[in-house]
Amino acid sequence: METPHSDFLRLATARGYVHQCTDPQALDDYAAAKTVTAYIGFDCTAPSLHVGSLVSIMLLRLLQKTGHKPIVLMGGGTTKIGDPSFRDESRPILSEEKIAENMAGIRKVFAKFLTFGDGPTDALMVDNAAWLDGLQYIGFLREFGQHFTINRMLSFDSVKIRLDREQPLTFLEFNYMILQAYDFFELARRHGCVLQMGGSDQWGNIVNGVELGRRVDNRALFGLTTPLLTTASGAKMGKTAAGAVWLNAEMLSPYDYWQYWRNAEDADVGRFLRLFTELPEDEIRALESLEGAGINEAKKVLANEATALCHGREAAAAAAETARRTFEEGALGDQLPTVEIPRARFQDGIAAFELFRLAGLASSNGEARRLIKGGGARLNDAVIADEMRNVGVSDLGDGILKLSAGKKRHALVKIV
């Protein structure tokens, strides 16, 4: 395909969002002439989305900014099954109450990135439980099951990988791809949706939806996937040694979010600026060309811009200032993650490894022990040599302890 002439596909391609597309030329023609209504689905498996979902969110934002209509499909129905795509084992079954609780947390993320309303390009949020919960199983199978062959379903990588590894794939999970295809079908009928987007692991499910629309309604539908995103060193986006990089502030502080982007690998800076900020291309080219100490300034720009989109410009500025004071002045920044511990717990002291776990600088006691043994743990800027070191009232300064894991992760422990 030549350079797209629609703003949406031209920018999406240039900034690195496009991996596969079912019919790129036809979609480009459609987007140049009409308003594209497109959706991405998000299952409600946690109270927040994490950075691994951010490419999809930014793609919906780009869609809207180029004059089209995004639909956020909440998986209130499909979460009851669990997407088996590229997983070695079944997801835990969540209660309806937990799904509703998770959905409420996820909804808050999108208000920061999209404009919702009743206008022609305003975003729409829909819950697929609206049609999935009321399905009559036999009638559904008779009408739609005939359009899916087991042969084809077994050919998809998400299924083949599970079977090749001799891991069980339940019949419940096997139904997921049919229900996702049906989601696209329902959104096409209800809201004129013509495009489903998603990560590259969703390609088979998306193609199923495109084909279902053609077979049942003779609709021309499109599918587009984003590339599987890893860091330059091969790590999966959205995860760190300390846990997931959540998008909700109550699950990860804006300061820690800022630090995640500030700590990006040098080779990732240009790519991340294109995907996760809205800086123009000429500024990005200038920033990614910096070398030596200059690349650290580019990382600060990345951190500021990405954090401003997710948490607001004020929170980004506060995080940047906290980092400056912490690293350049050695001061205790107000925005550092803080955990409060009752003074009574300090009367007999707390083992250093346990304190690091409580402060969120290690996900387990074992990880905290390894951190200390490796010489990467500091208390009030002094290296901790003994994982069993007793931290007590005598270590307090103004009722506060500063803990550091390596050079870039810090937390405060406040005694109350």
Side-chain angles (χ1 to χ4, degrees), residues 46-48 50-51 105 235-236 238-264 303 307 310-311 315-316 318-416:
S48 171
H50 59 61
V51 164
K236 190 174 181 180
K239 299 285 187 181
T240 68
V245 184
W246 300 107
L247 303 181
N248 283 18
E250 56 268 29
M251 295 187 67
L252 186 78
S253 72
Y255 173 81
D256 281 336
Y257 189 79
W258 189 94
Q259 280 292 341
Y260 174 76
W261 298 108
R262 169 61 182 83
N263 295 334
T307 304
C310 190
H311 297 293
E321 175 61 15
T322 295
R324 188 191 67 79
R325 292 183 60 206
T326 300
F327 298 113
E328 296 177 16
E329 299 178 6
L332 295 179
D334 295 335
Q335 299 297 315
L336 284 179
T338 302
V339 60
E340 296 183 347
I341 297 179
R343 179 173 289 272
R345 287 207 59 185
F346 271 88
Q347 294 308 314
D348 297 323
I350 298 177
F353 72 85
E354 183 180 1
L355 194 58
F356 272 76
R357 178 182 59 78
L358 291 172
L361 294 176
S363 59
S364 66
N365 286 341
E367 183 182 319
R369 289 176 187 270
R370 289 190 293 274
L371 174 70
I372 295 171
K373 287 179 179 178
R378 296 192 307 282
L379 170 64
N380 295 333
D381 295 323
V383 174
I384 302 174
D386 181 4
E387 68 198 72
M388 296 303 296
R389 183 210 192 283
N390 208 36
V391 182
V393 176
S394 61
D395 295 296
L396 297 175
D398 298 324
I400 292 177
L401 298 170
K402 178 186 176 185
L403 302 181
S404 303
K407 295 181 179 180
K408 298 179 179 179
R409 295 173 52 230
H410 307 271
L412 302 181
V413 176
K414 183 178 291 187
I415 312 305
V416 294

Under 4.5 Å between any side-chain heavy atoms of [X] and [Y], yes or no?
X: Met388; Y: Arg369; result: yes
X: Phe356; Y: Asn365; result: no
X: Leu247; Y: His311; result: no
X: Lys373; Y: Leu371; result: no
X: Trp261; Y: Val51; result: yes
X: Ile372; Y: Asp386; result: no

[X] [atom1] to [Y] [atom2] distance, which is reported to the nearest 0.5 Å:
X: Leu379; Y: Ser404; atom1: CG; atom2: OG; result: 9.0 Å
X: His50; Y: Met251; atom1: NE2; atom2: CE; result: 10.0 Å
X: Leu361; Y: Leu355; atom1: CG; atom2: CG; result: 9.0 Å

List the atom of [X], the atom of [Y], and the distance in Å for their closest heavy-atom pair.
X: Tyr257; Y: Trp246; value: CD1-O, 3.8 Å
X: Pro254; Y: Ala319; value: O-CB, 4.1 Å
X: Leu403; Y: Ala359; value: CD1-CB, 3.7 Å
X: Ile384; Y: Ala352; value: CG2-CB, 4.1 Å

Quick check against the 3.5 Å criterion: does [X] have a side-chain atom that pairs as donor or acceptor with the backbone of [Y]?
X: Asp256; Y: Leu252; result: no
X: Arg357; Y: Ser363; result: no
X: Arg378; Y: Ala405; result: no

Can a salt bridge be assigned to the pair Glu367 and Arg370 using a cut-off of 4.0 Å between side-chain N and carboxylate O?
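Salt bridge flag = no for Arg370 with Glu367.
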